[in-house]
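Notes to accompany the following structure.
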Amino acid sequence: MSQQQWNSVDDYFTGLLVPHDDALTAALRDSEAAGLPRISVAPNQGKLLHLLALTQGARRILEIGTLGGYSTIWLARALPADGRLITLEYQPEHAEVARGNLARAGLDKLTEIRVGPALESLAVLAAEHGGNPAPFDFVFIDADKVNNPHYVEWALKLTRPGSLIVLDNVVRGGAVADPDDTDPGVRGTRAALDLMARHPKLSTTAVQTVGTKGYDGFALARVLD
């Protein structure tokens with residue numbers, strides 16, 4: 001199948017199953033206008049995240065990699081009125097766009113953007129409340145791929161039995177299956193998957209996807225008792 005066919009099927013699914021939403025459309029528009037890379041999740045993928053968080057009954061969500069806040073909106077809309085989403089973004093200019101998008105969506109009271117290197121922000125999170133922060137029910141990892149194994153390790157420290165962890169962009173155009181590939185993002189992703197495969201507190205699978213985002217996929221893990 002061609003990329004054009006993948007796009008056509010995604011357009012069909014989105015038109016049928018993901019109704020137009022002004023806040024989400026505006027989030028993409030303002031992100032593009034601000035020069036952010038066009039790497040947000042596709043609409044049907046955003047709704048998948050939303051449904052996973054709803055099914056999980058998530059009250060606390062952690063997102064690693066905010067960009068313009070498009071996926072953040074999808075996730076935050078799954079929260080109850082007293083829920084909380086913390087999202088980590090390295091680039092201050094990206095965080096500023098995301099703040100505007102979340103405010104327009106009416107989600108600024110439920111969400112918090114922390115700016116800086118994610119590994120530093122995660123260490124701060126873990127140290128809060130005397131080193132005993134409330135666990136997250138759902139973690140979405142969609143940041144620099146080199147640090148994927150470290151993000152998975154932190155996700156384990158910040159979750160509870162029954163929590164879900166989603167690691168995005170794991171296929172790398174098929175390169176993830178090549179043990180000799182030297183690309184840092186591929187190596188980081190393979191290391192994260194190896195960790196998820198062997199960790200005794202995780203049950204993990206991974207799924208390949210095609211669509212408007214090309215050939216990619218995600219890993220899904222449940223934290224065990």
Side-chain angles (χ1 to χ4, degrees), residues 1-14 17-18 28 31-32 36-53 55-56 61-72 74-75 87-90 94 118-119 138-156 159 163-199 201-223:
M1 293 182 68
S2 68
Q3 180 69 54
Q4 183 178 356
Q5 288 173 303
W6 296 349
N7 292 351
S8 295
V9 173
D10 257 9
D11 289 344
Y12 166 68
F13 285 157
T14 297
L17 303 170
V18 188
L28 291 177
S31 295
E32 185 173 357
L36 274 62
R38 300 180 67 178
I39 55 174
S40 298
V41 299
N44 52 340
Q45 295 169 344
K47 189 167 184 180
L48 173 62
L49 291 172
H50 175 78
L51 291 174
L52 286 171
T55 302
Q56 177 68 1
I61 296 175
L62 174 63
E63 179 183 49
I64 304 175
T66 314
L67 196 62
Y70 182 78
S71 57
T72 319
W74 276 113
L75 288 167
T87 181
L88 312 179
E89 175 53 46
Y90 178 72
H94 294 182
L119 294 179
F138 190 99
V139 179
F140 179 48
I141 302 171
D142 188 15
D144 63 293
K145 311 310 172 187
V146 173
N147 283 310
N148 271 341
H150 302 302
Y151 296 147
V152 171
E153 289 172 345
W154 275 113
L156 276 164
T159 49
S163 293
L164 290 182
I165 300 170
V166 177
L167 177 64
D168 204 12
N169 307 130
V170 299
V171 172
R172 317 305 300 157
V176 72
D178 182 0
D180 298 321
D181 195 296
T182 59
D183 180 86
V186 173
R187 294 170 67 91
T189 299
R190 284 180 62 91
L193 291 169
D194 289 344
L195 170 62
M196 296 169 86
R198 61 181 167 80
H199 201 287
K201 290 189 176 180
L202 286 178
S203 178
T204 306
T205 191
V207 176
Q208 301 179 81
T209 61
V210 296
T212 58
K213 298 302 176 181
Y215 175 37
D216 212 330
F218 64 92
L220 174 66
R222 182 177 177 86
V223 181

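The model shown is predicted, which means the values in this text are computed figures rather than measured ones.
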Open item on the list: Could you walk me through whether Asn44 and Asp10 satisfy the side chain to side chain contact (heavy atoms under 4.5 Å, CB included) test, starting with their C-alpha distance in whole Å, then the side-chain angles of each, then the deciding distance to 0.1 Å, before giving a yes or no?
Closed with: CA-CA 7 Å; Asn44 52 340; Asp10 257 9; 3.0 Å; yes

Open item on the list: What verdict does the side chain to side chain contact (heavy atoms under 4.5 Å, CB included) test give for Trp154 and Leu119, after you've listed the backbone C-alpha separation in whole Å, the side-chain angles of each residue and the deciding distance to 0.1 Å?
Closed with: CA-CA 8 Å; Trp154 275 113; Leu119 294 179; 3.9 Å; yes

Open item on the list: Using 0.5 Å steps for rounding, measure from the OG atom of Ser203 to the CD1 atom of Ile165.
Closed with: 11.5 Å

Open item on the list: So, using salt bridge (charged side-chain N to carboxylate O under 4.0 Å, His left out) as the criterion, who are the partners of Glu153 when residues are at least two apart?
Closed with: none

Open item on the list: Restricting to non-hydrogen atoms, name the atom on Leu36 and the atom on His94 that form the minimum distance, rounded to 0.1 Å.
Closed with: CG-CD2, 3.5 Å

Task: Reported OG1-to-CG distance for the pair Thr204 and Leu195, which is rounded to 0.5 angstrom - done: 8.5 Å

- [ ] Could you tell me whether the side chain of Ser163 and the main chain of Phe138 form a donor-acceptor pair under 3.5 Å?
- [x] no

- [ ] Please confirm whether the backbone N or O of Gln5 pairs with a side-chain atom of Ser2, one donor and one acceptor, at under 3.5 Å?
- [x] yes

TODO: Go through the steps to decide whether Ser40 and Leu28 satisfy the test side chain to side chain contact (heavy atoms under 4.5 Å, CB included), and finish with yes or no.
DONE: CA-CA 8 Å; Ser40 298; Leu28 291 177; 4.0 Å; yes

Task: Interatomic spacing from CG in Leu167 to OG1 in Thr189 - rounded to 0.5 Å - done: 6.5 Å

TODO: Would you name the heavy atoms of Lys213 and Arg38 that are closest together and state the gap between them?
DONE: NZ-O, 3.7 Å

Open item on the list: How long is the straight-line distance from CZ of Phe140 back to CD1 of Ile64, given to the nearest 0.5 Å?
Closed with: 10.5 Å

- [ ] State, to 0.1 Å, how close Ile61 and Leu75 come at their nearest heavy-atom pair, and which atoms those are.
- [x] CD1-O, 3.6 Å

Open item on the list: Looking at Gly217, is its backbone amide N or carbonyl O close enough to the side chain of Gln208 to form a donor-acceptor pair, meaning the two atoms are under 3.5 Å apart?
Closed with: no

- [ ] Identify the two heavy atoms, one from Ala155 and one from Val139, that lie closest to each other, and give their separation to 0.1 Å.
- [x] CB-CG1, 4.0 Å

Task: Side chain proximity check, Gln45 to Thr209, heavy atoms < 4.5 angstrom - done: yes

TODO: Compare every heavy atom of Gln3 with every heavy atom of Gly211, then report the nearest pair and how far apart it is.
DONE: O-NE2, 2.8 Å

Open item on the list: Run the side chain to side chain contact (heavy atoms under 4.5 Å, CB included) test on Arg187 and Asp181 for me, step by step, so that the C-alpha distance in whole Å, both residues' side-chain angles and the decisive distance to 0.1 Å come before the verdict.
Closed with: CA-CA 7 Å; Arg187 294 170 67 91; Asp181 195 296; 5.8 Å; no

Task: Atom pair CG (Leu17) and CG (Leu48), whose distance is rounded to the nearest 0.5 Å - done: 12.0 Å

Open item on the list: Nearest 0.5 angstrom please: Tyr70 OH to Ile39 CD1, how far?
Closed with: 14.0 Å

TODO: For Asp216 and Val171, indicate whether the former's side chain and the latter's backbone hold a donor-acceptor pair under 3.5 Å.
DONE: yes

- [ ] Report yes if the side chains of Asp178 and Val186 come closer than 4.5 Å at any heavy-atom pair, otherwise no.
- [x] no

Open item on the list: For a quick test of reading the model, state the closest non-hydrogen atom pair linking Pro184 to Val146 and the distance between them.
Closed with: CB-CG2, 3.6 Å

